[in-house]
Protein chains: 2
Amino acid sequence: MPQKDDFDLQNFLPYLLNQAAEESSLAFQQVYKDRYGMLRTEWRVLFHLGLYGRLTAKEIGARSKMHKTKISRAVQRLEERRFLTRAPDDADRRQEYLDLTVQGRAAYRDLHGVAQGYDAALADTLTAEEERILRAALRKLARMG
Amino acid sequence: MPQKDDFDLQNFLPYLLNQAAEESSLAFQQVYKDRYGMLRTEWRVLFHLGLYGRLTAKEIGARSKMHKTKISRAVQRLEERRFLTRAPDDADRRQEYLDLTVQGRAAYRDLHGVAQGYDAALADTLTAEEERILRAALRKLARMG
DNA sequence: TGTTGTTAGTTACAAAATCAACCGTTAACA
DNA sequence: TGTTAACGGTTGATTTTGTAACTAACAACA
């Protein structure tokens with residue numbers, strides 16, 4: 001029982017997805033790294049706080065599916081660099097509320113704008129139909145509904 | 001000039017791509033790790049050699065876009081575990097030809113089959129049109145033509 | 001209350017990725 | 001030829017990630 005011999009790495013979805021993900025994030029990665037010295041985890045935490053406002057680390061974890069140790073370390077670094085502050089929750093002292101500082105919000109606005117422009121530029125390499133179906137298919141594969 | 005406020009992480013293509021890539025590779029990762037103790041870099045090198053036959057590390061790098069240190073270390077581990085051998089190139093002694101051993105080819109055939117089945121299972125969560133357009137769009141984004 | 005189990009978050013240690021410097025070989029060319 | 005630059009590949013130091021064990025706080029319920 002021979003295998004279809006046109007099955008190579010370029011046809012393997014996980015590989016294709018990974019290549020596309022890496023390639024497509026390269027230029028943007030450079031921006032948050034160069035402008036704010038951030039790692040991807042930090043940019044993600046910043047983005048969540050900028051978009052949804054005050055959150056706990058747990059809530060960020062639930063939304064982003066990042067592991068809690070990644071979040072913990074990202075929060076530490078963002079705090080050190082004065083992009084966010086922690087506020088104790090008196091009703092449950094295990095958790096802390098995270099808020100962006102003025103500086104954090106400025107970075108968020110800046111990067112949000114860059115991301116939007118970058119996303120549009122990527123989408124421009126696709127037809128409208130491709131873009132729509134790509135997004136739908138990716139959501140399915142990522143199990144986001 | 002306000003920003004479109006429906007732009008969140010779930011709409012940011014690099015993020016979506018990354019989530020889909022991670023989610024979709026999880027189960028397969030488990031297979032080459034459990035059966036052969038391989039890392040992703042090693043599975044990729046193995047796959048390239050299985051698919052294209054004898055290659056140098058440089059050629060694997062050109063095809064896979066992996067960094068040369070990753071490839072160097074993956075080759076080392078695959079050699080230690082007797083999945084491949086090195087053959088000197090007398091015409092250019094800087095480089096070596098890499099060949100799979102019998103054991104390496106067996107692992108390749110096994111994993112190739114698993115990958116094919118896994119890819120088909122992923123594709124089954126999509127409609128035929130979605131699948132076709134997804135692959136085309138990913139190739140564009142990954143700049144593979 | 002007291003015990004047991006769970007949760008939010010951190011820390012310690014191991015595994016892996018990244019980056020720069022490096023070695024031996026080949027190429028370019030004076 | 002002799003010198004310099006470029007190349008293929010490896011190594012070592014540093015950074016980042018992953019895994020598990022941990023702390024402090026809360027919850028459930030005898």
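At a threshold of 4.0 angstrom between heavy atoms, the contacts of A/Arg40 with the nucleic acid are absent. B/Ile71 comes within 4.0 angstrom of no nucleic acid atom, judged by non-hydrogen atoms across all strands.
Rounded to whole angstrom, the span from the CD atom of B/Gln76 across to the P atom of D/dG8 amounts to 19 Å. Across the protein-nucleic acid pair, A/Glu42 atom CD and D/dT15 atom C1' stand 12 Å apart, rounded to whole Å. Spacing between atom NZ of A/Lys33 and atom C1' of C/dC19 amounts to 10 Å, rounded to whole angstrom units. Between A/Lys68 atom NZ and D/dA20 atom C1' there is a gap of 10 Å when expressed in whole angstrom units. Put simply, NZ on A/Lys58 is 11 Å from C1' on C/dT6, counting in whole angstrom units. Taking atom CD on A/Glu96 and atom P on C/dT10, their separation rounds to 6 Å, with Å as the unit. Rounded to whole Å, atom P of D/dG9 lies 10 Å from atom CZ of B/Arg86. We find that CE of A/Met66 is positioned 16 Å from P of C/dA8, with the value rounded to whole Å.
A donor N or O paired with an acceptor N or O is found under 3.5 Å between the base of D/dG12 and the side-chain atoms of B/Arg73.
A salt bridge is absent between B/Glu22 and A/Lys65: the closest approach of a Lys/Arg side-chain nitrogen to an acidic carboxylate oxygen does not fall below 4.0 angstrom. Residues A/Asp89 and A/Arg54 are not paired through a salt bridge, judged by the lack of any N-O separation under 4.0 Å between the basic side chain and the carboxylate. Of the charged side-chain nitrogens involved, none lies within less than 4.0 Å of a carboxylate oxygen, so that A/Arg105 and A/Asp99 do not count as a salt-bridged pair. Between B/Arg63 and B/Glu59, no side-chain nitrogen of the basic residue sits less than 4.0 Å from a carboxylate oxygen of the acidic one, so the salt-bridge criterion is not met.
Two residues are said to be in side-chain contact when any heavy atoms from C-beta on lie closer than 4.5 Å; A/Leu78 and A/Leu100 fail this criterion. Using a 4.5 Å heavy-atom threshold, the side chains of A/Leu16 and A/Asn11 count as separate.
Within 6.0 Å of CZ in B/Arg82 there are 12 or fewer heavy atoms belonging to other residues, nucleotides or ligands.
OP1 or OP2 of C/dT10 has at least one side-chain nitrogen or oxygen of A/Ser72 nearer than 4.0 Å.
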N/O contacts under 3.5 Å, protein versus nucleotides 24-29 of chain C?
from: C/dT26; atom 1: OP1; to: B/Arg93; atom 2: N; distance (Å): 2.7

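Residue B/Ala57 places its side chain closer to D/dG9 than to any other of D/dG9, C/dT7, C/dT10. Listed candidates were C/dT11, D/dT11, C/dA8. Nearest to the side chain of A/Thr69 is C/dT11.
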